[in-house]
Amino acid sequence: DQQVKQNSPSLSVQEGRISILNCDYTNSMFDYFLWYKKYPAEGPTFLISISSIKDKNEDGRFTVFLNKSAKHLSLHIVPSQPGDSAVYFCAASETGANNLFFGTGTRLTVIP
Amino acid sequence: DVKVTQSSRYLVKRTGEKVFLECVQDMDHENMFWYRQDPGLGLRLIYFSYDVKMKEKGDIPEGYSVSREKKERFSLILESTSTNQTSMYLCASSLGGIGNEKLFFGSGTQLSVL
């Protein structure tokens, strides 16, 4: 059963506007969350993370929000740029565990 | 920067052939992982290893085996390939321990089984 879900397979946004990518999880033991970005024919690269003790983490144009009560997190990209076009994966982990659980990914297309 | 190197970018094999996918990391990481990525299914864990000669099954281990004889190297073995093993295979490593869950990925191997 998928413990991390990304219900939107794709998203298109105009350049300069905000991109919002969503992720839901079912396991209440998860306490560390990450976003990865993947270009075609390349491995995923780490983008940003958040611990469950926070509800927001910001790094430049990227902000991740965590709503623990709703078991929901989102990634905001402002302003969106054509180079942001990629597949974005949400991942979650439990402290001390060796494994990450990944969502199915959202393909973001930023239109110039 | 951590470097995770996968031996092949593209492979084409015939059904029933044996395949070795090699992965090497250069940052003395404890943990190594093999995932496969398929459209609509995301990244699914095949096997992982948290120490030399140690291995743990992931979500989809059937049809695969692994070997970790040295800390820096983790191999994925497909004993007898089938067409449903056509996929992008991704190796990853992590430092391990609390607070070090971040994975570093290789560039991937696109395997096509005909």
Side-chain angles (χ1 to χ4, degrees), chain A residues 1-10 21-27 29-54 57 59 64 73 86-108, chain B residues 1-6 8-10 21 23 25 29-51 54-61 68 74 88-112:
Chain A
D1 191 27
Q2 195 82 20
Q3 298 189 59
V4 178
K5 299 178 184 180
Q6 294 175 255
N7 292 318
S8 297
S10 62
L21 295 91
N22 293 303
C23 177
D24 298 292
Y25 61 97
T26 57
N27 188 341
M29 299 299 290
F30 288 151
D31 54 8
Y32 185 62
F33 305 89
L34 309 89
W35 285 93
Y36 280 81
K37 174 178 175 180
K38 186 181 183 301
Y39 292 117
E42 293 184 14
T45 55
F46 170 76
L47 193 57
I48 192 169
S49 63
I50 188 167
S51 164
S52 61
I53 61 173
K54 295 185 175 182
N57 188 27
D59 183 2
V64 56
L73 63 156
V87 177
Y88 289 78
F89 290 99
C90 170
S93 174
E94 185 180 338
T95 298
N98 288 308
N99 188 20
L100 292 182
F101 292 87
F102 284 86
T104 52
T106 297
R107 180 177 303 277
L108 173 66
Chain B
D1 276 355
V2 175
K3 191 163 178 64
V4 180
T5 304
Q6 294 185 230
S8 305
R9 292 298 300 269
Y10 301 96
L21 300 182
C23 176
Q25 50 94 2
H29 280 179
E30 298 293 329
N31 300 334
M32 296 189 75
F33 305 81
W34 276 104
Y35 287 87
R36 63 179 279 179
Q37 184 205 352
D38 300 287
L41 297 177
L43 275 68
R44 294 181 292 165
L45 182 64
I46 305 171
Y47 269 97
F48 69 97
S49 169
Y50 53 87
D51 200 355
M54 304 300 287
K55 60 184 179 184
E56 294 281 345
K57 291 180 180 179
D59 299 321
I60 50 163
R68 193 166 181 202
F74 192 36
M88 166 70 84
Y89 289 88
L90 293 161
C91 176
S93 70
S94 69
L95 186 57
I98 295 172
N100 295 308
E101 295 86 353
K102 186 166 74 176
L103 297 184
F104 297 84
F105 284 88
S107 298
T109 297
Q110 180 62 52
L111 173 66
S112 297

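In the text below, chain A, chain B and the rest are named by the order of the sequence lines, each starting its count at 1. Keep in mind that what you see is a predicted model, and the values were worked out from it rather than measured.
- At a 4.5 Å heavy-atom cutoff, the contact between L34(A) and chain B is made by side-chain atoms alone.
- Here the closest non-hydrogen pair linking L90(B) and G43(A) is CD2-CA, 3.8 Å.
- For R9(B), the part lying under 4.5 angstrom from a heavy atom of chain A is the side chain only.
- Applying the 6.0 Å contact sphere to CZ of R44(B) captures more than 12 heavy atoms from other residues, nucleotides or ligands.
- The distance between the ring centers of Y35(B) and F102(A) falls below 6.0 angstrom.
- At a 4.5 Å heavy-atom cutoff, the contact between P44(A) and chain B is made by backbone and side-chain atoms alike.
- Proximity to chain A (any heavy atom under 4.5 Å) is restricted, for L41(B), to the backbone atoms N, CA, C and O.
- Heavy-atom distances place the side chain of S93(A), and not its backbone, under 4.5 Å from chain B.
- Scanning both residues, A41(A) and Y10(B), for their nearest heavy atoms gives CB-OH, 4.0 Å.
- For residues 37-48 of chain A, the pairs satisfying side-chain hydrogen bond (donor to acceptor under 3.5 Å, both in side chains) are K37(A)-Y39(A), K38(A)-Q37(B), with sequence neighbours left out.
- In terms of the ring pair (Phe, Tyr, Trp, His ring centres under 6.0 Å) criterion, residue partners of F33(B) (sequence neighbours excluded) are, by chain and number, F48(B).
- Contact between G40(B) and T104(A) at its shortest, heavy atoms only, is O-CG2, 3.6 Å.
- Taking CG of L103(B) as the start and CZ of F46(A) as the end, the distance is 10.5 Å to the nearest 0.5 Å.
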